Amino acid sequence: MDIHIYDTKQRRKRRFEPITPDHVKIYVCGPTVYDRIHIGNGLSAVVFDVLVRVLRSVFPNVTYVRNITDVDDKINARALELGIPIHDLTHECTVALHEDFDALGVLLPDVEPRATGHIEEITTMISSLIQQGHAYEAEGHVLFHVPSDPNYGSLTNKSLEDLIDGARVEVAPYKRDPKDFVLWKPSSSELPGWESPWGRGRPGWHIECSAMIREHLGNEIDIHGGGNDLAFPHHENEMAQSGCFTNNPDYVKYWIHNGMLNLGAEKMSKSLGNIQTVQALLREHSGETLRYAILSGHYRQSLKWDDELIAQSERSLTSLYQALRNSQPLVGDSATSEAYAATKSVELPEEVLVPLCDDLNTPRALAGMHELASRLNLSTDVEEATALRDQLLGAGWLLGLLTRSVADFFTQDANMAEAEIDRLIEQRTAAKAAKQYDRADQIRAELLANGIAIEDTTDGTIWKVVKQ
RNA sequence: GGCUGGGUGGCAGAGUGGCCAUGCUGCAGACUGCAACUCUGUUUACGCCGGUUCGAUUCCGACCCCAGCCUCCA
């Protein structure tokens with residue numbers, strides 16, 4: 001199966017051919033840990049999680065590295081504000097990050113490197129860039145000299161003239177060129193710092209990724225991902241550093257950027273303050289519903305995030321589970337998509353895999369899942385229904401959905417004890433048999449008042465929890 | 001101003017030179033004691049103006065709007 005992905009640098013969809021077919025290498029920029037992540041951060045994690053799942057289903061060996069930025073001036077400021085040690089803050093936020101990602105069904109990467117664990121690699125690269133004439137020391141800082149890189153701007157299609165000098169960049173007096181950016185900066189004694197040839201200091205933002213990519217994946221990688229707000233300046237600068245270091249500006253074969261999540265017409269961002277944390281959303285909705293909502297739009301498009309989207313996603317997801325549930329009398333209890341992954345009982349369904357391989361078209365993939373669900377609902381043949389059920393679970397595995405058992409999905413968190421529910425259902429069944437419909441309806445209403453909805457099937461009456 | 005990406009039916013959101021996206025919602029029908037679930041059907045959809053074409057939502061050109069990046073940001 002060919003995979004095509006949109007490459008930011010070449011601004012076109014390209015067929016994905018790994019540098020070495022037996023080992024795909026992908027690096028994604030994770031968040032800076034100084035607060036709870038918001039759902040926009042979650043979107044990025046989910047998107048690349050699906051990409052990695054798809055890659056793994058096509059290629060035998062994929063190494064996925066997703067970093068954590070744990071040295072940053074915003075972290076320092078936040079720790080000061082809270083009056084706690086910097087390390088405590090980054091540690092707490094990292095634990096919280098893992099909780100939130102896990103709730104969204106995001107699998108752990110193979111390696112999750114931290115900036116603070118790679119200071120030596122960082123200083124090594126900086127020294128080399130100085131030696132090669134791409135960087136210089138000035139007043140305790142080390143700066144990358146942008147005009148020294150003939151390829152600068154080629155990722156985001158900017159000419160040096162376009163970057164209006166001094167317009168919005170900090171013009172420090174020690175900069176040779178206003179576009180020059182920091183590789184290393186001095187730390188006062190109360191700030192985190194490491195000894196270096198240029199004195200005690202800390203790395204600039206961009207160099208950590210260059211160093212961690214090299215350390216964990218080597219000088220060349222297949223895919224580098226992140227939010228499209230990172231394309232400039234972060235990835236452009238990183239490309240300048242790594243490209244100049246190895247003298248290979250194409251050290252990343254494919255650049256992939258996800259679109260932003262919008263609240264109303266505006267991007268959700270910490271600086272605008274219009275954020276919804278994953279933690280807060282999880283109080284009202286399942287992580288799986290949030291994940292469905294994220295996947296309901298194409299990853300490169302901006303996604304309008306609102307209550308209606310979540311509500312629609314919840315209903316759509318329920319209809320998929322409903323198909324599994326409806327098939328149970330015929331094919332037995334359904335496993336979860338994770339159980340499918342363990343057995344791989346059937347081939348992954350084309351109506352889902354094909355759109356995913358076409359630049360991660362998750363809306364079409366979801367349409368494919370609904371198509372399978374619809375056919376499953378119509379099927380009366382055990383063999384066919386079993387295959388459809390397994391295909392649906394396989395699709396769920398690819399998208400990170402259908403992770404709960406049918407029983408968990410429909411009957412968890414009931415307000416009534418199951419024995420009590422069963423007792424009432426028995427009474428209703430008896431009432432129905434005696435044609436005492438007023439009594440039957442009365443019992444049904446009583447259950448519904450407690451958030452329990454009833455469905456009569458040819459195999460008897462079943463129930464599910466509904467939101468009240 | 002420069003560089004990206006958009007404007008699709010009640011809502012969300014794919015996609016294509018002529019044929020059903022899909023989901024949710026509404027309406028009608030089947031099933032049901034009635035419901036629920038499921039199934040079936042269903043509402044002049046493609047920003048505006050030109051052009052190419054037998055035919056354009058899809059290609060080309062102009063225009064109008066929207067968002068993102070150019071400063072930290074997924």
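Throughout, protein chains are lettered first and strands after them, A, B, ... in sequence-line order, and every chain is numbered starting at 1. Just so it is clear, the values below take in all heavy atoms, side chains as well, and ignore hydrogens, waters and symmetry mates. In this text the structure is predicted, and so the values were computed from the model without any measurement.
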To the nearest angstrom, how far is [X] atom [atom1] from [N] atom [atom2]?
| X | N | atom1 | atom2 | result |
| --- | --- | --- | --- | --- |
| A:H38 | B:rA74 | NE2 | C1' | 6 Å |
| A:L230 | B:rC3 | CG | P | 22 Å |
| A:L263 | B:rA74 | CG | P | 16 Å |
| A:R78 | B:rC72 | CZ | C1' | 15 Å |
| A:L272 | B:rA74 | CG | C1' | 14 Å |
| A:Y6 | B:rG6 | OH | C1' | 12 Å |
| A:L324 | B:rC37 | CG | C1' | 14 Å |
| A:L366 | B:rA14 | CG | P | 11 Å |

Give a yes or no answer on whether the side chain of [X] reaches the backbone of [Y] with a donor-acceptor pair at less than 3.5 Å.
| X | Y | value |
| --- | --- | --- |
| A:D49 | A:L107 | yes |
| A:D2 | A:R15 | no |
| A:T69 | A:T32 | no |
| A:N262 | A:G264 | no |

What's the closest nucleotide to the [X] side chain, out of [options]?
| X | options | value |
| --- | --- | --- |
| A:R364 | B:rA74, B:rA14, B:rU22 | B:rA14 |
| A:Q301 | B:rG33, B:rA14, B:rU38 | B:rA14 |
| A:P363 | B:rG13, B:rA67, B:rA74 | B:rG13 |
| A:K464 | B:rC39, B:rA74, B:rC37 | B:rC37 |
| A:R428 | B:rC34, B:rA74, B:rC72 | B:rC34 |
| A:K158 | B:rC11, B:rG2, B:rU22 | B:rG2 |
| A:D456 | B:rC24, B:rG5, B:rC34 | B:rC34 |

Can you tell me if the side-chain N/O atoms of [X] get under 4.0 Å from OP1 or OP2 in [N]?
| X | N | answer |
| --- | --- | --- |
| A:N157 | B:rC3 | no |
| A:N228 | B:rG68 | no |
| A:K304 | B:rA12 | yes |
| A:S374 | B:rC39 | yes |
| A:N361 | B:rG15 | yes |
| A:R11 | B:rU4 | yes |

Looking for any heavy atom pair under 4.0 Å, which part of the strands does [X] touch: base, sugar-phosphate only, or nothing?
| X | answer |
| --- | --- |
| A:T156 | sugar-phosphate |
| A:S296 | sugar-phosphate |
| A:G259 | base |
| A:S313 | nothing |
| A:L378 | sugar-phosphate |
| A:A231 | nothing |
| A:M268 | base |
| A:Y437 | base |
| A:G226 | sugar-phosphate |
| A:D441 | base |

Is the ring pair A:H234/A:H206 parallel, tilted or perpendicular, if the boundaries are 30 and 60 degrees?
tilted
Quick one: sort the A:H235 and A:W255 rings into parallel, tilted or perpendicular, breaks at 30° and 60°.
tilted
Base-pairing assignment for [N] (Watson-Crick or G-U wobble, both under 3.5 Å):
| N | value |
| --- | --- |
| B:rU40 | B:rA28 |
| B:rC49 | B:rG61 |
| B:rG33 | none |
| B:rG5 | B:rC66 |
| B:rA21 | none |

Can you tell if the side chain of A:W184 reaches within under 4.5 Å of the side chain of A:I207, non-hydrogen atoms only?
no
Grab the two heavy atoms, one from A:R325 and one from A:W463, that are nearest each other, plus how far apart they are.
NH2-O, 2.9 Å
What interatomic distance, in whole Å, is found between [atom1] of [M] and the corresponding atom of [N]?
| N | M | atom1 | result |
| --- | --- | --- | --- |
| B:rG5 | B:rA12 | P | 23 Å |
| B:rG68 | B:rA56 | P | 35 Å |
| B:rG55 | B:rU40 | C1' | 33 Å |
| B:rU38 | B:rC54 | P | 48 Å |
| B:rC70 | B:rU22 | P | 40 Å |
| B:rU25 | B:rC65 | P | 37 Å |
| B:rC46 | B:rU53 | P | 24 Å |
| B:rA36 | B:rA28 | P | 12 Å |

Can a donor-acceptor pair under 3.5 Å be found between the side-chain atoms of A:R444 and the base atoms of B:rC34?
yes
For the side chain of A:Q322 and the base of B:rC37, is some donor closer than 3.5 Å to an acceptor across the two?
no
If you assign each of A:Y34 and A:K267 to its closest nucleotide in RNA chain B, which residue comes earlier from the 5' end?
A:K267
Of A:I39 and A:E371, whose nearest nucleotide on RNA chain B comes first from the 5' end?
A:E371
Given the rule in the ring pair (Phe, Tyr, Trp, His ring centres under 6.0 Å) test, do A:H4 and A:F16 qualify, once you have shown the distances and angles that lead to the verdict?
CA-CA 5 Å; A:H4 292 260; A:F16 178 69; over 10 Å; no
With ring centroids as reference points, do A:H224 and A:H257 lie under 6.0 angstrom apart?
no
